[in-house]
Amino acid sequence: MRLSPLNQRRWRNFRRNSRAFWSLIIFSILFGLSLFAELIANDRPLLVQYRGDYFVPIAKFYPETAFGGDFKTEAIYQDVEVQCLIISGGLVDCFDDPEGIIEDSEDGIVAGEEIEKGWILNPLIPYSYKTINDIDGTAPSPPDADHLLGTDNSARDVLARVIYGFRLSIVFTLVVTIASSLIGIIAGAVQGFFGGRTDLIFQRILEIWGATPSLYVIIIMFAILGRSFWLLVFLSILFGWPALVGVVRAEFLRARNFEYVRAARALGVSNWKIMFRHMLPNAMVATLTILPFIITGTIGMLASLDFLGFGLPSSAPSLGELTLQAKENLQAPWLAFTAFTTFAVMLSLLVFIFEGVRDAFDPRKTFQ
């Protein structure tokens with residue numbers, strides 16, 4: 001699809017802003033990798049070969065009996081006995097010395113016509129965000145070769161939780177920001193374009209809505225309906241849409257009597273086409289100026305709610321919950337360092353990107 005000359009100019013301006021352009025590349029790589037978190041950090045193997053057959057545990061449930069075990073519950077692939085069953089083809093006794101059998105298999109000793117050796121392909125990080133690991137000593141444990149960022153107070157791998165938590169924070173922020181921005185832009189455009197009684201009624205509604213204690217409402221709704229991701233998204237949109245109303249309303253009030261608007265009305269152009277095809281592009285610079293604050297505020301709100309214990313369920317891979325653990329475990333500085341670095345990188349990249357988008361839409365801005 002070929003861009004219009006105006007959008008080509010905007011894209012050139014954005015690319016010339018090196019800070020915004022490289023922030024977009026770095027953020028796209030990080031977010032793209034996090035979208036495949038299940039393939040990067042998981043306690044289920046990507047692929048298993050057992051007796052010549054192939055299994056995909058990451059996508060399908062397999063009981064332990066499928067690999068020669070005794071239980072019909074899902075196989076625990078990190079269990080050394082299950083690994084022994086898979087590697088040995090289920091034809092040897094794996095309950096006496098499973099680690100020895102695995103080592104012999106790797107050395108080529110357990111092989112031959114009577115035993116068909118299997119194999120397990122694990123993800124790069126063989127732990128999910130909710131995997132409880134066996135560690136030496138007490139949790140939280142410091143970084144080591146198995147856990148590059150250490151473990152938290154429940155012996156869960158911190159790096160895996162950061163990968164899943166980064167994705168959760170960005171998805172939550174994008175959904176809330178896009179939905180609340182659309183509602184706020186439409187409401188502000190209607191207020192500013194029509195003015196008069198419509199504007200007066202909307203302003204009184206906004207005053208009442210803005211005085212509603214959103215935190216108390218979220219706590220009450222969670223107490224009644226239980227904590228969930230989509231309920232938090234709905235409540236965040238419900239209280240987040242007024243953020244853009246004032247800016248868009250002011251721009252439309254300023255432009256409603258401009259010559260091009262009066263000419264369009266005289267030609268019989270519909271109000272909605274005038275608002276969203278002709279007036280809204282002129283209000284985009286002011287709108288995009290507010291977006292970085294909305295995005296950082298949304299991420300901060302999610303982290304704050306999780307930090308206070310009123311956000312997502314405790315089992316969710318939340319960066320706010322990681323911050324709470326850092327506060328409660330001052331003897332584990334790697335938790336605080338990881339939480340701070342993750343928030344700093346994420347927020348900085350997003351702010352730089354949207355600053356570049358704002359400048360690209362501003363006709364007065366040019367980059368050499």
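Throughout, numbering of the chain's residues begins at 1 and tracks the sequence. Source: prediction; values computed, not measured.
Cation-pi geometry between Arg256 and Phe193 is not satisfied (NZ or CZ under 6.0 Å from the ring centre, within 45° of the ring normal).
Residues passing the side-chain contact (heavy atoms from CB on, under 4.5 Å) test with Pro143 are Trp334, sequence neighbours excluded.
Considering CD1 of Ile353 and CZ of Phe27, their distance stands at 5.5 Å, rounded to 0.5 Å. Rounded to the nearest 0.5 Å, atoms CG (Asp146) and CG (Leu159) are 12.5 Å apart. Distance check, rounded to the nearest 0.5 Å: CG of Leu305 to CZ of Phe310 gives 9.0 Å. To the nearest 0.5 Å, atoms CD (Glu38) and OH (Tyr129) are separated by 8.5 Å. The CD1 atom of Ile40 lies 5.0 Å from the CG atom of Leu33; values are rounded to the nearest 0.5 Å.
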Worked verdict on Leu47 versus Trp119 for side-chain contact (heavy atoms from CB on, under 4.5 Å) = CA-CA 9 Å; Leu47 190 64; Trp119 48 263; 3.6 Å; yes
Are Leu231 and Phe222 close enough, and set up right, to give a side-chain contact (heavy atoms from CB on, under 4.5 Å), and what steps lead you there?
-> CA-CA 8 Å; Leu231 178 58; Phe222 277 0; 3.5 Å; yes
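Placement of Leu124 and Leu35 in two distinct hydrophobic clusters is found when ILVMFWY residues are connected by side-chain heavy-atom separations under 4.5 Å, directly or transitively.
A salt bridge does not link Arg358 to Glu355: none of the charged side-chain nitrogens sits closer than 4.0 Å to a carboxylate oxygen.
Between the side chain of Gln49 and the backbone N or O of Ile120 there is no donor-acceptor pair closer than 3.5 Å.
Across Glu328, Glu321, Lys327, a single residue satisfies side chain to side chain donor-acceptor pair (under 3.5 Å) together with Gln325, and that is Glu321.
Between the side chains of Thr173 and Thr298, no donor-acceptor pair is found at a separation under 3.5 Å.
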